[in-house]
Amino acid sequence: MHIVVCVKQVPDTKIIKINPKTNTLDRRSAPAILNPYDAHAVQEAVSIREKTGGTISVLSMGPPQATAVIKKSIEIGADRGYLITDRAFAGADTLATSYALFKALEKINKEIPVDLIICGKHAIDGDTGQVGPGIARRLDIPPVTNVIEVTEVNLEEKTVLIKRKLSSGYELIQAEMPCLLTVEKEINQIEYSPMPNMIKAARYEPVIWAVSDLENVDRVQLGLKGSPTIVGKMFTPPRPEGGKKIEGSPDEQVNQLMDILLEQKDVLTLQSSKQ
Amino acid sequence: MPEKFDVIVVGAGPAGTSCALVCAQKGLNVLLIERGEYPGSKNVMGGVLYRKQMEELIPEFWKEAPLERPVIEQRFWMMDKESVVQFGYKGLEWGVEPYNNFTVLRAQFDQWFAKKAVEAGALLINETVVTECIVENGKVIGVRTDRPNGEVYADVVVLADGVNSLLSKQLGFHKEFRPDEVALTVMEVINLPKEKINDRFNLEDNQGCTIEIFGDSTKGNLGTAFLYTNKDSLNIGVGTTLSSMIKSKMKPYDLLDYLKTHPMVKPMLAGGESAEYLAHLIPEGGYRSVPKVAGNGVVVVGDAAQLVNAIHREGSNMAMHSGLLAAETVIEAKHRGDFSESSLNLYRQKLYDSFIIKDLEKYKDATHTFENNPQYFKEYVPMMNKAMSKFFTVDGTPKRDKQKEIMKSVTAERGTFKVIQDIYRAWKAVK
Amino acid sequence: MNFDDYRGVWVFIEQNGGKIEGVSLELLGAGRKLADKLQVPLAGFLLGSGIKPLANQVIAYGADEVYLVDHPVLKDYRTESYMKGVMQLVPKYKPEIILYGATPNGKDLASAVATDLVTGLTADTTMLDVDVDNRLLEASRPAFGGNIMATILCKKHRPQMATVRPKVMKALSPDTGRTGKIIEESITLREEDMRTKVLQIVNDVTKKANLADAHVIVCGGKGMGDVQNFQILYELADTIGATVGGTRDVVEAGWLPHELQIGQTGETVTPKIYFAIALSGAIQHVVGMKNSDLIIAINKDPNAPIFDVATYGIVGDALEIVPKLIQQFKQLRTEKGGEISYARKI
Ligand SMILES: Cc1cc2nc3c(=O)[nH]c(=O)nc-3n(C[C@H](O)[C@H](O)[C@H](O)COP(=O)(O)OP(=O)(O)OC[C@H]3O[C@@H](n4cnc5c(N)ncnc54)[C@H](O)[C@@H]3O)c2cc1C
Ligand SMILES: Cc1cc2nc3c(=O)[nH]c(=O)nc-3n(C[C@H](O)[C@H](O)[C@H](O)COP(=O)(O)OP(=O)(O)OC[C@H]3O[C@@H](n4cnc5c(N)ncnc54)[C@H](O)[C@@H]3O)c2cc1C
Ligand SMILES: Nc1ncnc2c1ncn2[C@@H]1O[C@H](COP(=O)(O)O)[C@@H](O)[C@H]1O
């Protein structure tokens, strides 16, 4: 069983501080982290490997510093990692990203045939969730998005049983392998990595590929050139007028607020208990 | 079978990283364990990094390290409620190579410094807390961490875990601090545009200024405050010994708030935005508090060994130098194949031969003198301000008369004998 | 690619078990405006099994045309079968714009289709417009970091596609008198070719639905200080029959489960009354609640952006105001000897 997990390095939006005056990021405050959903993806691969045995590879596209997220994945339990990094990849939108990852996956598949690909539900820097299904389409394998449980992996039949989250509940899906899953955070809890993994990760050097290391690449589909979407303009949304400020001492404020709330008769009904 | 390293260093602050760097450069197998998300993530410092000790480790580091500004001006403020007496030195020679010292933000600096150790071959593991040393037959043989399968072994464990060093406490090297041995310092990083900083402090882009503040900054508590310029932020902080804080029933935050709204300070900060708030202990016990620093298979460096010169706010340099000395000792011990206490005690000797213990000894009475004689901060600073005010106010009084008047008021307030005694005591403390 | 061949605005009509999702009707409302500006027809396209009866509803909500692909294999949503359906329709009829609801299925389908059509897809749009001269869809969404929106354009590829957040667009009132064209498209699909099977669909209306249906929401932010203080919001909610929600920072801090997060990456809510307490009003939060009827903000900071969207604002300490408010309600209850309850939706 060979599982490949796609992992992305993202700025930590939890820590990011925004300068409210200029609307720009305070980059000093934003360290780069492993996209949290991808951490769950790696963890899920580790849980599957516990049952099926096999190998977990992680794949990332990003700047050279993105080795850090591969190391992080090794901490969680991945066996090996690939980083594709090249100026030609820069400025990629989701379409161009899925193309580059697809080309790398083709090459990985030649080294060790891939049975399962796992991605995060989305990357927190853009929240798009488009790369996973994009990769699946290019490889012509079925995507299953929003996975909340991998119920069973059947190596003989080459099938997986999956719970997929829906707007109002979930569905149970059987998919043939190879297939691609994108996972929700609730799929698992990330375990505290054991010390030997930490030491392995500290030593680990991922395989690094540039465009020239990949085969049959159509360069026009890479990076900025290969990205159909562009950012037209950035703007601060028209600020609404804002409502009325309720002034006065805290007690006065609360009294006025009570009056306003009690006016909401269609929402609020004061029922008498003496019916 | 868990791995065995030559050296395990606990804590990737200046002390631990220096030690790891030097050991790795000499080809030792080094594991550096840090509990923060990354080195520096939680580390706190006013922010003056001294060139000398850093240069010994990484020559011409300033060409590469994430530094804020080279310090070209050091000011000292004796501050009263609505006035300040200031003196200082500004020298452009400090603004060019090899520089004197720099302001830094630890979160960035420590991270970079640790990367250097990693490049030299040390293995760095973050987000891992060392919970205890593994001791066998009276010898430290490794550490236990909070991770599953968390034991790792080594010939020598270097404790660089900072001021509170639980690990050396566990080994019985030092006791719980007395409240007069540590200062609690709170500081804030305040973002302010570069141009404003340059204007307010009269600086150019690549020039920095430090201000040490005495007097009203601590509301009469023993301690000092500081205000340092970074590229586009300021570090402001204030600290006093835990004991005076307890005595005056003051909360550290109150002190910082007081300082930030002080009329002499407020205009410097105006328009700035608070980016970070940090609190940390500084070991101030000095010479008398230095604990046992070497044992069987273990040495203690940096703040963990209380190596801080409170009077000159030097700490990171002592941390680095002690890390270097420990590394040298470990390397020699490795050659001898002897990691016993007597072998590692060479480190203690090196420490005592270096500027570190010499400086600490020189100031060994300073903290106590000032702690037990609050008049230095409570009375002399206001007196000085009054004197200056009188002297410079042009009101037709001849200058000679003014001087007499000033001297009279000083001795009237404390008595001639007392003044002389105070001067002598202070001189002795810092001589 | 000749852009002039591409005409018309299309909306993916998502149906589950024969019921059209609310967001699809909202998108017909939004699509109507775009189509009118561009002077082209608005079409809904609908895939499934036995779905013909839904076509009239699509027209009633504003569509001029309905494209239907009806096949037993399309009974439940699956990426592979649905995208085959879409790939049959789109290259043939060449719409210039396609909108999908940003639901799990809508996003899944759009992402897959975009790859095969080799075109741009903007995710989680919250504002839509067109540049009529250049026939460009202007799909705007909160940009990563900052109270700022980014308009995403797709200049060199057609169709232009976007997924749109549920509950940010307004559906038109249905007009059953409207007429339109219904185009049925036949398709060959074989179940044996499918590599995924839907074995079971479980509807699970738990907490999540609760937030979406709540009439009154008490939403707390990081400014509550700690999880202890946060509990007073539950007390307020209990007193007035409201549901508690939180900002992402609160969820990240572990004070609330993820299902109760409101905003761009959480739920979009439109209650009658929304209490925004000790939260700053970051754009990612605001997109998820700004369409609430009555918004009451309590915040220490008079400049907090939440006051810009609030109907009423109180500048004050939540830890002081909220307990007073609870007390007033409790007092009212004892005085009137009754029960205060906020009627729930549905
Ligand atoms: C407010 C303030 C201002 C200061 N100003 C200056 C100044 O301007 N100039 C100057 O030179 N000095 C200054 N100092 C002193 C200086 O910061 C310290 O002396 C110096 O940081 C000591 O370095 P260290 O490596 O010994 O300890 P630290 O920098 O404290 O590093 C200890 C490291 O160990 C890690 N650690 C602790 N316990 C464990 C564990 N159990 N397991 C794993 N990791 C652990 C910590 O996370 C930390 O990274 C100041 C100190 C303070 C508080
Ligand atoms: C890609 C992305 C997606 C995101 N998605 C979401 C999302 O779905 N939902 C979401 O909510 N956020 C989301 N965010 C995060 C969002 O940008 C904000 O960081 C977050 O909403 C801020 O949470 P907050 O208002 O609780 O905290 P803060 O911004 O820290 O605000 C706390 C507020 O409380 C006030 N306050 C403090 N103490 C008191 C008191 N005692 N009484 C009254 N007021 C007090 C303060 O003045 C301040 O305004 C997202 C961010 C990114 C980058
Ligand atoms: N640059 C990248 N390198 C590796 N994986 C990626 C990259 N970008 C996106 N992914 C994967 O695709 C998922 C969805 O990303 P996105 O479509 O950007 O929200 C992520 O959770 C990753 O698993």
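Letters A, B, ... mirror the listed sequences (proteins, then strands); counts begin at 1.
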Task: side-chain contact (heavy atoms from CB on, under 4.5 Å) between Thr229(A) and Leu153(C), intermediate numbers included - done: CA-CA 6 Å; Thr229(A) 58; Leu153(C) 306 173; over 6 Å; no
- [ ] Can you measure from CD1 (Ile173(A)) to CZ (Arg78(C)) and round to the nearest 0.5 angstrom?
- [x] 9.0 Å
- [ ] Calculate, to the nearest 0.5 Å, the distance between atoms CG and CZ belonging to Asp116(C) and Arg137(A) respectively.
- [x] 4.0 Å
Contacting moiety of [X], where chain A heavy atoms sit under 4.5 Å:
X: Lys290(C); value: neither
X: Asp124(C); value: side chain
X: Leu294(C); value: side chain
X: Lys324(C); value: both
X: Val286(C); value: neither
X: Met194(C); value: backbone
X: Leu109(C); value: neither
X: Gln328(C); value: both

Quick one: what part of [X] sits under 4.5 Å from any heavy atom of chain C, side chain, backbone, both or neither?
X: Leu95(A); value: side chain
X: Ile162(A); value: neither
X: Ile135(A); value: neither

So which residue, [options], ends up with the most heavy-atom pairs under 4.5 Å with chain C?
options: Lys163(A), Lys185(A), Arg164(A); value: Arg164(A)
options: Thr159(A), Val254(A), Asp93(A); value: Val254(A)
options: Thr182(A), Thr128(A), Thr94(A); value: Thr128(A)
options: Arg138(A), Lys121(A), Met234(A); value: Met234(A)

4.5 Å side-chain heavy-atom contact, [X] and [Y]:
X: Val315(C); Y: Lys245(A); answer: yes
X: Leu261(A); Y: Tyr312(C); answer: no
X: Glu176(A); Y: Thr196(C); answer: no
X: Ile230(A); Y: Ile152(C); answer: no
X: Leu166(A); Y: Asn203(C); answer: no
X: Glu184(A); Y: His258(C); answer: no

Open item on the list: If you count heavy atoms of other groups shown closer than 6.0 angstrom to CD of Glu156(A), is the number above 12?
Closed with: no
Among [options], which residue has the highest count of heavy-atom pairs closer than 4.5 Å to chain A?
options: Ala123(C), Gly120(C), Gly313(C); answer: Gly313(C)
options: Val198(C), Ile314(C), Ile201(C); answer: Ile314(C)
options: Leu121(C), Thr119(C), Thr103(C); answer: Leu121(C)
options: Gln160(C), Glu21(C), Lys155(C), Lys197(C); answer: Lys197(C)
options: Glu320(C), Glu80(C), Glu138(C), Lys156(C); answer: Glu320(C)
options: Val202(C), Thr79(C), Ile306(C), Asp293(C); answer: Val202(C)

- [ ] Decide yes or no on side-chain contact (heavy atoms from CB on, under 4.5 Å) for Gln130(A) and Lys107(C), but give the supporting numbers first.
- [x] CA-CA 8 Å; Gln130(A) 292 170 183; Lys107(C) 292 186 76 160; 5.9 Å; no
Task: Atom of Gly129(A), atom of Ser111(C) and distance for their closest heavy-atom approach - done: O-OG, 3.8 Å
Open item on the list: Can you give me the closest heavy-atom contact between Gly134(A) and Thr115(C), atom names plus distance?
Closed with: CA-OG1, 3.2 Å
Task: Audit row: Tyr170(A), Gln200(C), side-chain contact (heavy atoms from CB on, under 4.5 Å) steps and yes/no - done: CA-CA 9 Å; Tyr170(A) 67 89; Gln200(C) 194 188 6; 5.5 Å; no
Task: Pairs touching residues 115-157 of chain A that satisfy ring-ring contact (aromatic ring centres under 6.0 Å, His included), sequence neighbours left out - done: Tyr37(A)-His122(A)
Open item on the list: Please output the residues of residues 140-150 of chain A in contact with chain C, using a heavy-atom cutoff of under 4.5 Å, in numerical order.
Closed with: Asp140(A), Ile141(A), Pro142(A), Pro143(A), Val144(A), Thr145(A), Asn146(A)
- [ ] Let me see the working for Thr311(C) and Lys244(A) under side-chain contact (heavy atoms from CB on, under 4.5 Å), right down to the final yes or no.
- [x] CA-CA 6 Å; Thr311(C) 336; Lys244(A) 208 173 150 277; over 6 Å; no
